[in-house]
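Here's the structure, in structure tokens; my notes come after.
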Amino acid sequence: MSFIDKFGKELLFFDGAMGTMLQKNGLQAGELPELINLSKPDVILKIHKEYLDAGCDIVTTNTFGANALKFENTEEIVNSAVKIAKKAVSDVQRECFVALDIGPLGKLLKPYGDLDFDDAYDLFRQQMTAGEKAGADLILIETMGDLYEIKAAVLAAKENTRLPVLVSLIFDEKGKLLTGADIATAVITLEGLGVDGIGINCGLGPDQMLGLIKEMIKYSSTPVFIQPNAGLPVCINGVTSYNVKPDDFAEKQLEILKAGACALGGCCGTTPEHIKAMINLCRDEKITPVSQKNYTAVSSYSKSVIIGETPVIIGERINPTGKKLMKEALRNKDIDYIFREGVAQTDAGAHILDVNVGLPEIDEPEMMKNAVTGLQSILDTPLQIDTSDTVAMEKALRLYNGKAMINSVNGKEESMNSVFPLCKKYGGVVVCLTLDENGIPEDVSGRIKIAEKIIKRAAEYGISKKDLVFDPLCMTVSTNSQNAVITLQSVKRLRRELGVNTVLGVSNVSFGLPARENLNSAFFALALENGLSAGIINPKSDMMMNSYYSFCALKGLDENFEKYIENSSEIKQEAKSEGIADLKTAVIKGLKEQAREQTEKELLTKTPLEIIDGILIPALDVVGKGFEENTVFLPGLLMSAETAGVSFDVLKKEMEKNGSNGPKKGKIILATVKGDIHDIGKNIVKVLLENYGFEVVDMGKDVQPQAIVDKVKAENVKLVGLSALMTTTVPSMEETIKLLKEQTEGVCVMVGGAVLTQEYADMIGADYYGKDAMSSVRYAEKFFK
Amino acid sequence: MRLLLKYDTNEVLRYLGYRGKPADDRTLKMIDEVYKELCKVITPKYIYKEYEYEKTDDSIIVNGIEFKSKKLLSHLKNSDTVALFGATLGTGADTLIRKYSFTDTPRTAIGQATAASLVENLCDLGCEEIKTTLGCELRPRFSPGYSDLSLSCQADFFKLLDMSKRLGVTLADSYLMTPSKSVTAFVGIIKKDGELNELY
């Protein structure tokens with residue numbers, strides 16, 4: 001029988017700690033455990049044998065950190081480790097398995113850390129292909145605290161080997177991963193990736209794990225396994241020890257088994273005695289069969305949203321259709337605009353954000369990738385990947401951190417054949433449109449029939465009904481007065497008869513009619529009452545959200561009317577008025593709303609240029625001087641700059657009406673140098689420069705020197721601002737300056753950052769050292785004069 | 001471990017460049033709002049490990065690993081043992097501040113300063129716990145990158161304290177820590193008995 005025939009069907013036992021046993025066998029501090037596979041294979045063999053003698057079914061190879069970040073000879077180490085484990089297993093009479101052990105890489109992936117997703121994937125692939133070749137029976141990815149790293153590892157396993165994949169996570173006592181995800185989110189994400197088993201190991205003892213494993217079983221339709229430490233670590237004089245004795249360990253493991261775990265083992269501090277005691281006590285127990293859980297859920301890296309209990313809001317605003325500013329932002333690759341739209345919708349109450357960046361003239365896959373990874377670096381709201389371009393869809397799904405919502409598939413064979421494989425591979429909840437080769441059926445039954453066909457075809461791809469959400473399509477009532485009724489009845493029947501969740505792009509209903517929000521919000525309430533699980537709407541519309549909160553309050557879905565009260569428009573309006581100020585005062589004081597109003601007022605009598613030169617620039621000067629004289633401080637400076645920005649935006653729109661782009665004082669490239677992954681300081685400088693009228697090309701963080709040089713040439717830019725935060729990255733700054741001086745002419749470089757000083761800046765050949773954000777504005781002003 | 005962290009207004013203002021000057025009410029209010037937002041997303045944690053250490057002329061040796069720094073050596077004056085201490089606010093603070101940087105620049109700066117003050121407070125709480133648990137006195141914290149202690153010793157520090165596994169803090173090639181609101185430090189431990197002997 002193969003491993004996968006047994007796992008989850010009968011009780012299996014893992015071994016215990018390797019590290020603890022290596023220390024007992026004389027491993028010195030600072031000695032790398034993985035090298036012992038080569039230097040003293042007999043020691044490893046002996047440890048495996050002790051665990052096998054204790055009765056375990058699965059031995060785990062000594063390859064926890066055997067990756068190319070640490071070792072040049074990864075393959076050799078892995079090969080040797082697997083061969084040793086196989087030898088140990090071949091010497092016992094019963095059927096036992098060798099698990100290829102894969103630990104975390106010890107580096108954080110981008111966007112938080114400096115390791116590329118693809119590089120992480122390659123590191124895992126190398127270990128795994130070597131392990132399969134050497135004869136491992138399964139892959140055990142363990143002690144994982146970051147869902148994104150796990151995704152890289154699971155994809156590497158599934159795309160390059162045929163081995164079963166188990167993933168085991170390290171939680172803290174509150175049941176959180178190090179990156180913040182809770183147990184439900186972890187389970188949802190891992191099941192999306194199609195792993196064969198989900199477990200908990202390390203970090204905690206069996207006492208603390210009992211509650212966590214119960215929570216895991218509540219959400220998991222996948223077999224669950226456990227490998228606790230022998231208690232919590234106790235550290236005396238730099239030596240860590242674990243104090244739970246074998247018999248106590250066994251008692252607890254029995255309890256965990258009865259709670260529903262299907263395989264047991266041990267982590268740090270456990271020994272063959274622990275494993276033996278555990279097996280002796282648990283051997284004759286039966287496991288609880290794994291039950292299928294039928295909830296529909298999507299997740300981000302730290303948060304999950306369950307669809308179907310309380311209705312869910314999907315924000316529709318990141319979509320160029322009918323939105324001039326979004327189109328312009330996409331053409332200009334102004335990703336910040338998308339970020340702001342994402343934050344605004346989340347703040348307005350969206351649970352999921354639809355992301356559609358499709359414009360014929362742009363590189364959609366590239367933009368989709370940047371939008372999805374970028375949004376995930378600032379928001380934990382799950383995303384809905386909305387595209388008809390399957391290349392863009394796959395690119396986004398591959399790099400998405402979590403289990404995404406996918407928009408959409410329909411009843412056409414071509415659509416199902418291209419979308420379902422992606423959904424199966426990367427996980428996801430798919431929006432299914434009830435249309436097919438013959439178009440959208442006019443009647444309800446026709447739409448239900450297509451839904452049934454989609455469910456059947458999805459099942460053939462191994463996709464369960466719970467991962468499908470049906471959109472029976474909402475056509476405008478302006479062309480057929482029955483359209484809304486047909487849609488509402490379809491929603492009801494989909495929910496009642498097929499037992500599936502539903503979704504609608506609500507605002508289509510009013511297309512072509514005036515005062516659309518009136519119809520939209522009424523239709524939304526009706527749809528919710530008919531069983532709509534998720535509405536794709538504009539969460540920034542008070543009317544739509546009022547409908548939503550009122551519905552939830554009236555249906556008893558909002559305990560103590562908490563959400564309803566919190567979001568009632570009366571209360572929201574309070575915080576506005578702060579007395580009337582003229583535009584100059586508004587900018588100096590940083591009053592954005594007033595600046596907007598006053599700019600519009602000034603435009604009645606002045607041209608945009610007169611307002612800029614006569615009011616905005618003098619106001620910014622007052623603030624800038626104040627900052628230099630220590631009467632205005634950084635928060636005030638930034639508030640004024642942002643307020644001026646609001647005013648500039650109004651003026652820009654006015655000037656565009658007249659066909660001009662408005663004056664720009666000059667173009668500047670900003671970048672945080674290679675190796676530097678924190679860019680907050682640079683972002684502050686960027687906002688200031690922009691609001692003082694400069695055009696900024698922001699190259700982001702961790703930027704290669706040559707990339708900066710290439711950009712300078714391509715954009716024909718004469719002023720470059722570089723930021724470095726650490727002494728260790730100043731050399732990249734120096735290198736960038738050197739390349740710029742070599743390969744371009746007349747380019748000036750201004751530098752800034754926490755560790756820099758005037759002397760340092762001179763030493764590395766910078767033209768200007770900016771001691772704070774304002775001084776870079778002053779230098780730029782002088783430079784472009 | 002459920003920790004309620006507090007910020008120190010003067011410290012936050014100092015990070016923001018106020019140099020002792022007072023802040024207006026709007027800024028103070030904004031600091032407090034940002035603090036409340038931070039409290040929702042941070043996952044403060046600290047760990048430490050106590051070690052015996054050896055001294056040389058210009059370094060200390062912990063568990064066979066040498067940390068070269070005369071300043072650290074004199075900083076640990078009279079310490080019987082040394083604790084390696086690590087603390088972090090978790091990834092939530094970074095994400096929130098990054099979010100601000102696209103939507104609200106004043107809060108970006110305030111978030112940086114407030115989070116920095118919170119991580120200081122976290123270190124203070126951690127050190128208080130060391131004092132109570134071990135019944136000892138502590139020397140002030142001394143971090144890799146301070147003075148003549150090279151930043152590159154972070155790599156060894158991370159290994160000794162198992163920072164990535166136990167705290168979720170990882171080290172980039174440039175020795176930057178992620179999450180960025182994290183601290184590593186050596187803390188000298190003076191045992192009570194030793195201190196008494198010295199006093200008398």
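All heavy atoms count here, side chains included; hydrogens, waters and symmetry mates do not. Just so it is clear: chains get the letters A, B, ... in the order the sequence lines come, proteins before strands, and each one is counted from 1.
- Note on I680(A), T729(A), T143(A): by heavy-atom pairs under 4.5 Å with chain B, the leading option is I680(A).
- With hydrogens and angles ignored, the 3.5 Å screen pairs no side-chain donor or acceptor of S182(B) with any backbone N or O of T88(B).
- Between chain A and the residues T178(B), T95(B), T105(B), the largest count of heavy-atom pairs under 4.5 Å involves T105(B).
- Aromatic rings from F186(B) and F67(B) are positioned such that their centres are separated by under 6.0 Å.
- Only the side chain of D679(A) comes within contact range of chain B, with at least one heavy atom under 4.5 Å from a heavy atom of that chain.
- When each of G106(A), A344(A), G675(A), P635(A) is checked for heavy-atom pairs under 4.5 Å with chain B, P635(A) comes out on top.
- In the model, S180(B) has a side-chain atom that pairs as donor or acceptor with a side-chain atom of D94(B) under 3.5 Å.
- Ranked by heavy-atom pairs shorter than 4.5 Å toward chain B, the options N630(A), D172(A), I170(A) are led by N630(A).
- Between chain B and the options G180(A), C202(A), A773(A), G590(A), the largest number of non-hydrogen pairs under 4.5 Å is found for G590(A).
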(request) Could you check N401(A) against Q376(A) for side chain to side chain donor-acceptor pair (under 3.5 Å), going step by step and ending with a plain yes or no? (result) CA-CA 8 Å; N401(A) 191 351; Q376(A) 289 212 295; 5.2 Å; no
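- Ring to ring, F339(A) and F102(B) are close: their centroids are under 6.0 angstrom apart.
- The choice from R166(B), K159(B), K165(B) that makes the most heavy-atom pairs within less than 4.5 Å of chain A is K165(B).
- Interface summary for chain B: among D380(A), D772(A), V687(A), the most heavy-atom pairs under 4.5 angstrom belong to V687(A).
- Your options are S101(B), G92(B), S164(B), and the one with the most heavy-atom pairs under 4.5 Å with chain A is S101(B).
- Interatomic distance, L76(B) CG to K71(B) NZ, rounded to the nearest 0.5 Å: 13.5 Å.
- Per-residue heavy-atom pair counts under 4.5 Å with chain A were compared for L84(B), T103(B), T91(B), and the maximum is reached by T103(B).
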